[in-house]
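Residues: numbered from 1 along the sequence shown. What you are looking at is a predicted structure, and each value in this text was computed from that prediction instead of being measured.
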Amino acid sequence: MNNLALDKELMFKALEEAKRGIPHVYPNPAVGCVIHDGSKILSTGYHKKFGGNHAEYEAVKNLEKIAYGLTMYVSLEPCTHTGKTGACLDLIDPNVFDRVVIAEKDPNNEASGSINKLKRSGINVDLGLLRNEARELNKRFYVFHEKKRPYVILKYASTLDGFIAQDNGQSKWITNKNSRIENHYTRSICDAILIGSNTAKLDNPDLGSHGIGRDPKIVLIDFDNSLGSLKLFKKNPIVYSSKELSNDNSKNINFIMNDLFKKNIQSLLVEGGAKTISNFLHCGIFDELHCYVAPKFLGRGLNIFQGKSSIKKKNNLKLVDTKIIGDDLKITYKRSYS
């Protein structure tokens, strides 16, 4: 009989191992693996970086000697396809492993399918242990493959009285330097960053991570195709103009999401101004909201939300984190789909 408490302990260990690969594994999922012999942990492994060995390979490699009747705990279904590495399924020898415990299925159809194959080989498979925790760990990966669009983070900075810019559009700098560094890190772990034409004109921004990590791909909504002189064009941005877009904001965002999915953009940070962010809010196409609030007052200016709504409308936002950054406050909400 299986010990549920022990199973959970070991799967938590696999999830902790998986976290060690973040953000270096992106856009691949973070995966951890633990091998147990019934009395002790024999080895662990995790996916360290994109293109590197998978967690199952690392754990099997770390076994000090050949053993039998083992149980493997893995936070994501072992892959079946050969890409930059071989198929993880081939590493799970039924002569060595009696049981495999998997937190959640792989949503990528090209990589999934190992569960039935493991069962046919005579290995006992348990699926779904700590499923919610495993999905949260790889939330970008699941949204990308299940919703067929990037994982979208909306970011803005505002004063205490709710303004993101002065009447003339001036917004540098609402927040302090460390808040900006915090957001530069967020840029570094996203595949792409999107802004609209007004933000591009007013700020002529760099949109890089400022040395913290990799720079995201720049996505620009330039309806009139008139911003080619800006410095961000030196970074070969993806540009959407009237050639692809219409006057329907909802259709435009859906078109952009579909196109970025085809371009394998798994995560998107939206730093556009009020109009761009409001369009995403109206469409309901976003997964997180990062709000930076600074102890300043404007009295009048530009509000983040443009358009009409109702005080009774529920946006299905769940507060998941607050962070004090000097005198600023970062508030993170996650959208609930239940």
Side-chain angles (χ1 to χ4, degrees), residues 22-30 49-51 107-108 138-157 180-201 203-223 225 227-228 230-241 243-245 249-281 283-290 292 332 334-335:
I22 296 174
H24 309 293
V25 299
Y26 292 156
N28 277 359
K49 63 180 181 179
F50 178 72
N108 183 357
N138 285 310
K139 54 192 176 183
R140 303 171 180 216
F141 183 70
Y142 281 99
V143 164
F144 181 75
H145 286 286
E146 293 178 348
K147 295 185 178 295
K148 309 301 182 186
R149 64 164 175 82
Y151 187 92
V152 176
I153 300 171
L154 306 182
K155 174 266 175 183
Y156 70 90
R180 298 196 294 275
I181 291 173
E182 172 83 8
N183 187 57
H184 294 159
Y185 171 75
T186 303
R187 289 178 179 179
S188 77
I189 62 172
C190 288
D191 293 334
I193 180 171
L194 181 147
I195 63 170
S197 58
N198 287 338
T199 298
K201 288 176 187 176
D203 297 343
N204 194 14
D206 174 83
L207 301 180
S209 72
H210 294 261
I212 290 177
R214 64 173 184 166
D215 287 344
K217 183 72 176 176
I218 295 172
V219 181
L220 175 64
I221 300 175
D222 180 13
F223 196 83
N225 215 358
L227 301 176
L230 297 178
K231 62 185 179 183
L232 61 80
F233 274 84
K234 295 179 181 179
K235 297 185 177 182
N236 191 31
I238 299 170
V239 180
Y240 295 103
S241 70
K243 291 180 180 179
E244 301 91 4
L245 306 179
N249 293 324
S250 179
K251 288 183 178 179
N252 290 342
I253 289 180
N254 277 285
F255 174 84
I256 292 170
M257 292 298 98
N258 289 334
D259 193 59
L260 293 180
F261 175 79
K262 294 174 184 176
K263 289 179 166 62
N264 206 35
I265 300 295
Q266 191 178 113
S267 53
L268 178 69
L269 177 63
V270 178
E271 285 197 35
K275 180 180 179 181
T276 301
I277 288 182
S278 294
N279 287 339
F280 276 86
L281 290 171
C283 293
I285 298 179
F286 68 97
D287 303 284
E288 287 185 23
L289 193 60
H290 292 191
Y292 291 81
T332 302
K334 186 179 179 188
R335 189 154 174 249

Discussion item. Can a donor-acceptor pair be found, under 3.5 Å and without considering hydrogens, that links the side chain of Glu244 to the backbone of Ser241?
Written reply: yes
Worksheet entry | Heavy-atom donor-acceptor pair, Ser278 side chain to Lys275 backbone, under 3.5 Å | no
Nearest heavy-atom neighbours spanning [X] and [Y]:
X	Y	answer
Ser267	Arg140	OG-NH1, 3.3 Å
Val219	Ala192	CG2-CB, 4.0 Å
Ser209	Asp215	N-OD1, 2.8 Å
Cys283	Asn249	SG-O, 4.4 Å
Ile212	Tyr185	CD1-N, 3.8 Å
Leu268	Pro150	CB-CB, 4.0 Å

Side-chain contact, heavy-atom cut-off 4.5 Å: [X] with [Y]?
X	Y	answer
Thr186	Glu288	no
Ile256	Leu194	yes
Asn279	Asn252	no
Thr199	Thr276	no
His210	Arg180	no
Asn236	Lys217	yes
Leu232	Ile195	yes
Cys190	Ile153	yes

Discussion item. With a sphere of 6.0 Å drawn around NZ of Lys139, does it hold more than 12 non-hydrogen atoms of other residues, nucleotides or ligands?
Written reply: yes
Worksheet item: What do you reckon, is NZ of Lys148 surrounded by more than 12 foreign heavy atoms closer than 6.0 Å?
Response: yes
Distance in Å, [X] [atom1] paired with [Y] [atom2], rounded so as to fall on 0.5 Å steps:
X	Y	atom1	atom2	value
Ser250	Phe280	OG	CZ	11.0 Å
Gln266	Leu260	CD	CG	12.5 Å
Leu281	Phe286	CG	CZ	5.5 Å
Tyr26	Asn138	OH	CG	7.5 Å

Discussion item. If we check salt bridge (charged side-chain N to carboxylate O under 4.0 Å, His left out) with Asp206, which of these qualifies: Arg187, Lys234, Lys235?
Written reply: Lys235
Discussion item. Is it the case that the ring center of Phe144 lies less than 6.0 angstrom away from the ring center of Phe261?
Written reply: yes
Worksheet entry | Residues which pass side-chain hydrogen bond (donor to acceptor under 3.5 Å, both in side chains) with Asp259, listed by chain and number, not counting sequence neighbours | Tyr240, Lys263
Worksheet item: Taking atom types as modelled, is there a side-chain donor on Ser197 or Asp222 under 3.5 Å from an acceptor on the other?
Response: no
Worksheet item: Are Asp191 and Arg214 close enough for a salt bridge, meaning some N to O gap below 4.0 Å?
Response: yes
Practice prompt. Verify side chain to side chain contact (heavy atoms under 4.5 Å, CB included) between Val270 and Ile277, making sure each step is shown before the conclusion.
Written response: CA-CA 7 Å; Val270 178; Ile277 288 182; 4.1 Å; yes
Worksheet, complete the sentence: Arg149 meets the salt bridge (charged side-chain N to carboxylate O under 4.0 Å, His left out) criterion, sequence neighbours left out, with Asp287
Worksheet item: Under the side chain to side chain contact (heavy atoms under 4.5 Å, CB included) criterion, do Phe233 and Ile218 qualify, and how do the steps go?
Response: CA-CA 9 Å; Phe233 274 84; Ile218 295 172; over 6 Å; no
